[in-house]
S.K.: 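The structure is given below, and queries will be raised subsequently.
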Amino acid sequence: MHPLAKLLEAALFAASRPLTLEELSSLAPGENIQPALDEVRALYQGDHGVELVEIAEGWQFLTRREYAETIERAQFALRPRRLSPAALETLAIIAYRQPVGRLEVDEIRGVDSGAVMDKLVERGLIEVVTRGEGLGRPLLYGTTPSFLEILGLKDLEDLPRLEELSVALRRPMPADEPE
Amino acid sequence: MHPLAKLLEAALFAASRPLTLEELSSLAPGENIQPALDEVRALYQGDHGVELVEIAEGWQFLTRREYAETIERAQFALRPRRLSPAALETLAIIAYRQPVGRLEVDEIRGVDSGAVMDKLVERGLIEVVTRGEGLGRPLLYGTTPSFLEILGLKDLEDLPRLEELSVALRRPMPADEPE
Amino acid sequence: MTSPTMRDPQGAGFVVELEKFSGPLDLLLHLIREDEVDITDLPIAKIAVQFLAVINDLGLNQAADYLEMAARLLRIKAQMLLPRRLGDDEWEDPRAELVRRLLEYQQIRELVEWLGHAADVRAERFGRGYEAPPPDAPPAPLQIDLNDLLGAAERVIALIPEPMLHRVVPRPLDVEGATARINQLLAERETFSWSEAVGPNATLVDVLSTFIALLELAKRSSLTLSQSEPFGPMVITRAPPREAA
């Protein structure tokens, strides 16, 4: 392995979260890390129990799927708690509408979502990104890198396009509709 | 790699602690895992950034020493923490208006700020400095020395004056330390 | 948010597990799917009756969102009964808003399925379990810079309602400070004047704090207060030491 590839391998191994290209680059200032990264990736793409995965706008070593059950059964690692339907609904709305305020989430879900949103903030899946205009300048929320991480998404573009859904629908923002 | 070696590789990677031979054996009951373990060990003994190390409690992947320092310097292990907009706003009010009670912060921000203030106390940025007069003798908060430290300020006088702040947020009474 | 499993009192085999529904829209969609009706041509009267039947089995306290929807359904039902003029292009289907919301919500439910599946797939992979302890154990640096703080201050200013701009919030009285100051004076001198007690450049708050401190100390017999004439200068005198108990 190229020395830089070994450094990247070590750094990616040590981190328990995805590292962005920028972060990886900071290990070797002034150098182009892409070839080294490609080398590591290719190496683990083959015959290994772990692989280098592009996720949450970064790179992370993850175990291969086929070992999940065995590792979990041996209790060496725990699968994350599943998100409740209410949490997923709220996340879906925030992911597609961000930045979005609580009232709009409430309206779309038809129920008060304050408690669910507080939980999601606590778990680091959403965060306040700005304030809206208008009365009270409401806090507006967006998704965090952890959101991408727990869904295994590279970035928000990985989310299905609304047009791809079977319930195709024009973008339902009332503000977008012509008078 | 032998399938069992790949499983061991994945398990050793995913485990949060060193795994003993006995624990590793539980992954494949009835099989002798020693050859597979040797294979993983030999593989990483070679040209890699990490190695499989036997430490007191078992086996664990560790970063090779020569890379550890570079990685530590890059501070990957921990995400730098940033304050949310809500926390920053609350902090700004307290910084410019101290000593100040929770009710007043709520009133200025227009939202309940209790949870945010608790977090700020937890992070050592604000603290209770005294109690106010009046109903219930409310706790009054001010900023801590570590608040100044993080911002790189000598003292509170170093906080930039903002034209509006001098009206809206200045301390309502001139500083009046007893002689 | 969560509700208990409800059973139809008539025992008609009608079982609604309310945990299954994440809100009134979800329940509506469920009814629509069960009846296999066209969502864009909602048989509002029928759906409203069914909806009411279900929420009737709910405790009112936990069903505010459902009740609101029930009221909405009944309102739409009533509006549908109003006569409309033939060829009236202006006529707007009273169901339109509800249908829009239902379609939108249906889309969200589909996304929920997608997200749930993605999360399940991701959960089959483990990241590095071991987290090396930080070298010198400093916690992750907290990043705040002055610009962030000032930006936040500016947002706050923008938020302050107009009348608050000149509102004077009284600085809390500092009785403890005044008491300490007076005790120090008492230690130094047997008598001193009010103006010495209150100190130079006293603010209203200082005056009040000092006054309360003096009264408190007088009550505790640490000192006596005297005036030679009404409105005359107040003199503070150290109380004679008490015999040891």
S.K.: I'd like to know whether CD of A:Glu69 has more than 12 heavy-atom contacts from other residues, nucleotides or ligands below 6.0 angstrom.
M.R.: no

S.K.: Quick check: are there more than 12 heavy atoms from other residues, nucleotides or ligands sitting under 6.0 Å from CG of A:Leu78?
M.R.: no

S.K.: Which atom pair, heavy atoms only, marks the closest approach of C:Pro24 to A:Val111?
M.R.: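 So the minimum-distance heavy-atom pair works out to CD-CG1, 3.5 Å.
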
S.K.: Do the side chains of A:Leu12 and C:Arg128 get nearer than 4.5 Å, heavy atoms only?
M.R.: no

S.K.: Restricting to side chain to side chain donor-acceptor pair (under 3.5 Å), what partner residues turn up for C:Tyr105, sequence neighbours left out?
M.R.: A:Glu89, C:Ser22

S.K.: CG of A:Leu162 to CD1 of C:Ile108: how many Å apart, nearest 0.5 Å?
M.R.: 8.0 Å

S.K.: Identify which part of A:Val53 has an atom lying under 4.5 Å from any heavy atom of chain C, answering side chain, backbone, both or neither.
M.R.: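 The answer is the side chain of A:Val53.
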
S.K.: Can you tell which part of A:Leu153 gets under 4.5 Å to a heavy atom of chain C, answering side chain, backbone, both or neither?
M.R.: side chain

S.K.: If you count heavy-atom pairs under 4.5 Å between each of A:Gly152, A:Ala68, A:Ala95 and chain C, which one has the most?
M.R.: A:Ala68

S.K.: Should we say atom CD of A:Gln45 is surrounded by more than 12 heavy atoms from elsewhere, each under 6.0 Å from it?
M.R.: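 It does: A:Gln45 CD has more than 12 such atoms within range.
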
S.K.: Hey, does the side chain of A:Arg79 reach the backbone of C:Asp120 with a donor-acceptor pair shorter than 3.5 angstrom?
M.R.: no

S.K.: Where do A:Pro160 and C:Leu111 come nearest, in terms of heavy atoms and distance?
M.R.: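 Minimum heavy-atom separation between A:Pro160 and C:Leu111: CG-CD2, 4.0 Å.
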
S.K.: Go through the atoms of A:Arg109 and report whether side chain, backbone, both or neither lie under 4.5 Å from a heavy atom of chain C.
M.R.: both

S.K.: For A:Phe13, which atoms come within 4.5 Å of any heavy atom of chain C: side chain, backbone, both, or neither?
M.R.: both

S.K.: To the nearest 0.5 Å, tell me how far A:Leu88 CG sits from C:Trp114 CH2.
M.R.: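 One gets 11.5 Å once the value is rounded to the nearest 0.5 Å.
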
S.K.: Rounded to the nearest 0.5 Å, what separation is found between the CG atom of C:Leu115 and the CD1 atom of A:Ile150?
M.R.: 8.5 Å

S.K.: Under 6.0 Å from the CD atom of C:Glu176, do we count more than 12 heavy atoms belonging to anything else shown?
M.R.: no

S.K.: Output the option from A:Glu66, A:Glu72, A:Arg82, A:Gln60 having the highest count of non-hydrogen pairs under 4.5 Å with chain C.
M.R.: A:Arg82

S.K.: Between A:Ile55 and C:Arg122, which heavy-atom pair has the shortest distance, and what is it?
M.R.: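 Answer, listing the atom of A:Ile55 first, then C:Arg122: CD1-NE, 3.5 Å.
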
S.K.: Kindly compute the distance separating CD (C:Glu124) from CD1 (A:Ile71), expressed to the nearest 0.5 Å.
M.R.: 11.5 Å

